[in-house]
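Note that the structure is a prediction, hence the values are computed from the model and not measured.
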Amino acid sequence: MASRESEALADLYRDWASRMAANPEMPLDDFRSLFEEWATVTAEPAGVAFEEVTVEGIPALWARPASANDTLLLICFHGGGYVTGSRSSHRKLF
């Protein structure tokens with residue numbers, strides 16, 4: 001039996017497929033907004049503070065686990081080919 005979380009993700013993907021099939025010429029901004037919904041089916045990680053920042057003119061996001069070593073840094077890039085996803089949609093993953 002699938003978990004509640006797996007079912008929520010499957011429901012989300014079915015909804016996306018239905019919406020894209022209903023509008024095959026969906027504008028790129030609308031298409032991108034679909035993928036921002038990834039964040040709706042994921043839980044907030046405990047003990048992590050998120051901070052929106054700008055680094056040399058580039059928007060970025062710090063994810064700071066309370067128990068992390070402040071002398072170490074991990075840089076993550078979400079992929080998506082500059083089409084789907086964002087630091088907001090994938091922040092809980094990192």
Give a yes or no on whether W62 and I75 share a hydrophobic cluster (residues Ile, Leu, Val, Met, Phe, Trp, Tyr; joining criterion: side-chain heavy atoms under 4.5 Å apart).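 Shared cluster, yes.
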Would a hydrophobic clustering, with Ile, Leu, Val, Met, Phe, Trp and Tyr connected at side-chain separations under 4.5 Å, put L74 with F50?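 Different hydrophobic clusters.
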Taking all non-hydrogen atoms of both residues into account, name the closest pair between [X] and [Y] and its distance.
X	Y	answer
S86	E36	OG-OE2, 2.8 Å
A8	V41	O-CG1, 3.9 Å
A39	S88	CB-O, 4.2 Å
V53	L61	CG2-N, 4.4 Å
H90	G85	CE1-CA, 3.9 Å

Pair listing, salt bridge (charged side-chain N to carboxylate O under 4.0 Å, His left out) test, anchored in residues 55-74, at least two apart: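 Sorted pair list: E51-R64.
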Between E44 and R91, does the salt bridge (Lys or Arg N to Asp or Glu O under 4.0 Å) criterion hold? Intermediate values first, please. CA-CA 9 Å; E44 288 291 331; R91 72 186 185 97; 2.5 Å; yes
Side chains of E5 and L9, heavy atoms from C-beta outward: is any pair under 4.5 Å?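 With C-beta onward as the side chain, the pair stays apart.
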Main-chain N/O of S6 paired to S3 side chain as donor or acceptor, under 3.5 Å: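 Checking the backbone N and O of S6 against the side chain of S3, a donor-acceptor pair under 3.5 Å is found.
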Just by distance, do the side chain of K92 and the backbone of T42 share a donor-acceptor pair under 3.5 Å?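 Yes.
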Going from CG on L34 to CG on D29, what distance comes out if it is rounded to the nearest 0.5 angstrom?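 Rounded to the nearest 0.5 Å, the CG-CG separation comes to 11.5 Å.
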Aromatic ring pairing F35/W16, orientation class (parallel under 30°, perpendicular over 60°, tilted between):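 F35 and W16: tilted rings.
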For the pair R19 and E37, find out whether any cationic side-chain nitrogen is under 4.0 Å from an anionic carboxylate oxygen.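 Yes, R19 and E37 are salt-bridged.
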